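Worksheet: one structure, shown below.
Keep in mind that what you see is a predicted model, and the values were worked out from it rather than measured. Read the numbers this way: they start at 1 and go in the same order the structure lists the ligands and their atoms.
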Amino acid sequence: MRHLMNPLDFSVEELDRLFDLAGRIEADPARYAHACDGKKLATCFYEPSTRTRLSFEAAMLNLGGQVLGFSDAASSSAAKGESVSDTIRIISCYADICAMRHPKEGAPMVAAERSGIPVINAGDGGHQHPTQTLTDLLTIRSLKKRLGGFTIGLCGDLKFGRTVHSLINALIRYNDIRFIFISPEELKVPDYITDMLTEKKVPYEEVIRLEDCMPELDLLYMTRVQKERFFNEEDYVRLKDFYILDKTKLSAAKEDMLVLHPLPRVNEISVEVDDDPRAVYFRQAQYGVYVRMALILTLLGIEGRV
Ligand code: NCD
């Protein structure tokens with residue numbers, strides 16, 4: 001039985017197969033409409049989410065399966081003190097596959113050890129968010145037709161942003177990737193990541209101003225300042241509007257640069273940018289459904305039967 005905890009749980013070849021499957025689903029969704037008839041997905045969300053949870057649910061419903069679950073810890077037995085290990089043992093009796101989001105780093109991994117069904121990490125604290133990374137990679141691959149040879153700017157909360165940590169991890173396996181980390185001093189990417197990049201000889205730079213690197217970028221990954229992971233409100237208020245991508249800043253970018261964002265957006269991208277053809281964050285959400293459909297089929301071991 002296979003779980004997905006980290007984007008690196010899949011080899012580059014396996015990811016290629018997954019993305020090819022997502023592409024076939026996009027081209028002919030009707031063919032997959034009954035692939036999961038009789039199967040159930042449990043969504044166990046101990047932390048708020050709109051996109052990730054609904055995108056998993058839409059994915060399973062599109063495959064003909066059914067969904068059950070909870071969307072916050074207060075409405076589950078966690079409120080009574082039940083451990084994730086016990087919860088997953090119970091969920092294993094009710095469902096065929098589980099997507100779990102948890103504020104504690106490593107909680108989905110603990111669950112996976114006790115689980116009788118595949119567990120997908122749908123975001124654990126500030127740690128990893130592998131299905132967002134699959135979404136990001138599929139978006140880039142579909143729109144740029146490749147996954148290597150990029151200068152990618154990651155901007156915003158690089159300290160707490162789990163989507164950023166997962167994406168960096170996944171991208172370094174492709175050739176000719178260069179990172180530019182754009183953040184205020186307080187929200188810099190953690191040392192364990194820069195140490196890993198140095199060790200693997202992946203080039204990176206750290207800058208404070210978005211304007212200083214815009215013309216060089218092939219991809220710009222914007223992120224929200226992660227309010228819920230701050231220890232004090234004052235720091236959050238001081239940093240929350242540090243970056244606002246607007247038309248003026250975007251005018252310095254390459255014609256074919258892509259702007260991605262895992263969403264939800266707060267203020268970091270002005271709505272006037274939404275109509276720019278380079279802004280692909282809403283299309284990204286659509287790719288998220290295709291890739292989760294492909295992932296469910298793969299983890300259930302039925303991808304070859306459709
Ligand atoms: C992200 C997350 O939950 O980490 N959202 C998402 O899943 N699309 C990003 C965020 O909350 O800022």
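The ring-ring contact (aromatic ring centres under 6.0 Å, His included) contacts involving residues 175-229 comprise Phe179-Phe181, Phe181-Tyr204, where partners must be two or more places apart or lie in separate chains. Applying the salt bridge (Lys or Arg N to Asp or Glu O under 4.0 Å) test to residues at least two apart or on different chains, the pairs with a partner in residues 212-222 are Arg178-Glu216, Arg209-Asp212, Asp218-Lys254.
Grouping the Ile, Leu, Val, Met, Phe, Trp and Tyr side chains by contacts below 4.5 angstrom, directly or via other members, places Leu143 apart from Leu220.
Of the candidates Leu263, Asp124, Thr135, Leu263 brings a heavy atom nearest to atom 9 (C) of ligand 1. Between atom 8 (N) of ligand 1 and the options Pro262, Gly125, Ala285, Gly288, the minimum heavy-atom separation is to Pro262.
Taking a 4.0 Å cut-off on heavy atoms, Arg101 registers as neighbouring ligand 1. Using a 4.0 Å cutoff on heavy atoms, Pro264 counts as a contact of ligand 1.
The ligand atoms of ligand 1 that sit less than 4.0 angstrom from a heavy atom of Arg224 are 10 (C), 11 (O), 12 (O).
The shortest N or O to N or O distance between Thr163 and ligand 1 is not under 3.5 Å. Considering backbone and side-chain N/O atoms, Arg162 comes within less than 3.5 Å of an N/O atom of ligand 1.
Enclosure of atom CZ in Arg114 is not indicated, since only 12 or fewer non-hydrogen atoms of other residues, nucleotides or ligands lie within 6.0 angstrom.
Between Glu268 atom CD and Leu245 atom CG the span is 9.5 Å, to the nearest 0.5 Å.
With 3.5 Å as the limit, one finds no donor-acceptor pair spanning the side chains of Gln284 and Thr139.
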